[in-house]
Amino acid sequence: MFLRVSREIEQVKRQGHRVSTHFFNLLFFRKSNSFSQVGIIVGRRFGIAVRRNRAKRIFRELVRETHNDLAPGYALLIFPKRDAIVEPFQDLKTAWIGSLRKQRLLTSKPL
RNA sequence: UGAGGAGGCUGGGUGAUCGCUCGAUACCUUCGGUAUCGGGAGGAAAGUCCGGACUCCAAGGGCAGGGCGCUGGGUAACGCCCAGGCGGAGCAAUCCGACACCAGCACCACAGAAAACAAACCGCCGAUGGCCAACGCGACGGGAUCCCAUCUGGUCGCCGCGGCUCAGGUAAGGGUGAAAUGGCGGGGUAAGAGCCCACCGCAGGGAUGGUGACAUCACUGGCACGGUAAGCGUCGCCCGGUGCAAGGCCAAAUAGGAAGACACGUGCGGACUCGAAAGGGGCUGCACAACGGCUGGCCCGGCCGGGGUCUUCGGGUAGGUCGCUUGAGGCUCGGGGUAACUCGGGUCCCAGAGAAAUGGUCACCUAUGCAAAGGGCAUAAUGCUCUUGCAGGACAGAAUCCGGCUUAUAGGCUUCCUUGCUCG
RNA sequence: CGGGGCGUAGCGCAGCCCGGUAGCGUACUCGCUUGGGGUGCGAGUGGUCGUGGGUUCAAAUCCCGCCGCCCCGA
């Protein structure tokens, strides 16, 4: 479910396709795996430890609620932006699903 | 009731649901998975500024380096805490203080006469010595007038009011500065000055009180000794380094090496010789407690050493695992101590992640804030209270563990103290 | 977990060790030079010395606490 190996993350960062929204940047890359994996990257410059943890928790929850509907075979990287941690969760979820659907990363089953 | 000071506690709550992690138990086929039950961030977890525990390293001696700095106590230890002394601020409660030493070196800009060892720019004095010298006294000769007397001016001598400020005295006053060689008053003097005296300050030894820092008292000395050590430095005390990525165990892939035993001198230099070179061979000189490397500041000290033969198979990276949370531990009762703290009894187990868990959503309650409408109460302004709606929790996230410090923090609760006003 | 460095004018840097006047280059403005521009020459403007305290008569400089940035080791 989550992408943890450093070499694969570097590969996505180099070769992935980039999508930007107000709340996050998204990189995705087609692999040969049978199911998709997601990595969440929050650097030191994002803020203090409380804000970094909050960003990771929010996006981890988003992935947990939607990963059953992800199209198989992709590796995704999420770079949260600072506006995301003050936004209501439902708005973030709408933006997240919208971005995924626009890039055809979801299966056809509607939410 | 207004203003102020010193502390202590707390740091939103409840429920439902979907998830994460650890432990125990049960089941499933071992890695592991599932179910049930239980635990799951802070007062600062932060900054990483000190002190320790623990770990490994010849951890030994010396130098260098670093830290601390009023006294007594507490503590495992501390740069922390408590109590006290002294100095400063405040009417006070109270607060603040790197608060040892100026012997040596160095520095003290500008201004000022002079900035550290004594001097004197303006000024004051000029008593004493020097120069000038009024009045007066005496002598000499001249004139009014021929003589005496008298008057008048002249020269010399004595006295010396007064003047010069030359020698010299002085540091009272002026002005500069952050700082100028005790302060203020009186006497004194030519003018002045601890020159003399009283009080205050300072220094010295003494007595008394106190464990001590220190305080008080009287005596003696007429005052010498500027400031800066958060400048170099001196004195006293303390500090070995390393940091859980410490360190132990298991152990892929890849690469070949490592350990032990045996006998043989080794290091540096010189020319010769084989060789295209790299390198090798013997000869010879010197040294050997030598030489080279490691020991992560330096020296001593300590450890290791080149090639050959034989024997053995281990070392270590990724990764895993232990260290990993029971501890200078929390709560409570009693005793000691002014207090910090400590002693004894009872009781409890209270996070252990690892690209790094402790979260998401919904509902209700609540401290508080805002808005409008209405009701009630008291009123000089105005305030209090009830209902409704909206917003809605500050700073901040463990990473080996403790004791402190520092910094951030919306608010709420509470104890004690000082001072002003009003009423009784 | 530990060690080191930096912060000064719009920009790049001196000055700090050993305290007293903040300076250099460039940029900007003005003048001269040119028919005009560039170059050159001369003059000038511009700095809470990261921040809060302390020591000192006096702090960019010495000491302490914070803030930000960068680098290194295990």
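Since the structure is predicted, the reported quantities are computational estimates derived from the model, not experimental observations. Letters A, B, ... are given to chains in the order of the sequence lines, protein chains preceding strands, and every chain is numbered from 1.
- Applying the side chain to side chain contact (heavy atoms under 4.5 Å, CB included) rule to A/N25 yields the partners A/R18, A/S20, A/F79, A/K81; only residues at least two apart in sequence or on another chain are considered.
- Nearest heavy-atom pair across A/T21 and A/S99 is CG2-OG, 3.3 Å.
- Computed from coordinates, the A/R64 CZ to B/C20 P distance equals 7 Å when rounded to whole Å.
- Atom CD of A/E65 is separated from atom P of B/G359 by 16 Å (rounded to the nearest Å).
- Rounded to a whole angstrom, the distance from the P atom of B/G359 to that of B/G40 is 12 Å.
- Regarding A/R57, its CZ atom lies at a distance of 11 Å from the P atom of B/A356, rounded to whole Å.
- For A/R60, counting side-chain heavy atoms from C-beta on, the closest listed nucleotide (B/A398, B/G360, B/A356) is B/A356.
- Comparing the P positions of B/G403 and B/G330 gives a spacing of 8 Å, expressed to the nearest Å.
- Comparing B/G360, B/A356, B/G397 against the side chain of A/N53 picks out B/G397 as the nearest.
- Atom name C1', nucleotides B/G160 and B/A127: the rounded distance is 16 Å, in whole Å.
- Across all strands shown, B/U368 pairs with B/A391; the Watson-Crick or G-U wobble distances both stay below 3.5 Å.
- Among the heavy atoms of the strands lying under 4.0 Å from A/R54 are primed sugar atoms or P, OP1, OP2 only; no base atom is included.
- As rounded to whole Å, 21 Å separates atom P of B/A355 from atom CG of A/L76.
- Annotated as anti: C/C30, whose O4'-C1'-N torsion sits more than 90° from 0.
- Using Watson-Crick or G-U wobble geometry with both donor-acceptor distances under 3.5 Å, B/U1 finds its partner in B/G420.
- The listed nucleotides are B/A396, B/G19, B/G360; the one nearest the side chain of A/I48 is B/A396.
- Atom CH2 in A/W96 sits about 19 Å away from atom C1' in B/U361, given to the nearest Å.
- B/A356 atom P lies 11 Å from atom CD1 of A/I41, rounded to whole Å.
- Atom C1' of B/U34 sits at a distance of 42 Å from the matching atom of B/G392, rounded to the whole Å.
- Atom NZ of A/K93 is separated from atom P of B/G359 by 19 Å (rounded to the nearest Å).
- Between B/C395 and B/A328, the two P atoms lie 35 Å apart (nearest whole Å).
- Distance noted for atom C1' between B/A363 and B/U409: 31 Å (whole Å).
- Figure legend: A/R30 and A/Y74 shown as a cation-pi pair, the cationic atom lying under 6.0 angstrom from the six-membered ring centre and within 45 degrees of its axis.
- Distance from the side chain of A/K56 is smallest to B/A356 among B/A356, B/A41, B/C18.
- We find that CD1 of A/I58 is positioned 16 Å from C1' of B/C20, with the value rounded to whole Å.
- Of the C1' atoms belonging to C/G54 and B/A76, the separation is 34 Å, rounded to the nearest Å.
- Nucleotide B/C27 is matched to B/G33 when pairs are restricted to Watson-Crick or G-U wobble geometry with both distances under 3.5 angstrom.
- A distance-only check finds a donor-acceptor pair linking the side chain of A/R82 to the backbone of A/F46 [under 3.5 Å].
- Nucleotides B/C232 and B/C298 place their C1' atoms 23 Å apart, quoted to the nearest Å.
- Nucleotide B/G43 is shown with a syn base, its glycosidic torsion being within 90° of 0.
- Between A/I85 and A/I58, the shortest heavy-atom contact is CA-CD1, 4.2 Å.
- Across all non-hydrogen atoms, the minimal contact from A/A84 to A/F59 is CB-CE1, 3.9 Å.
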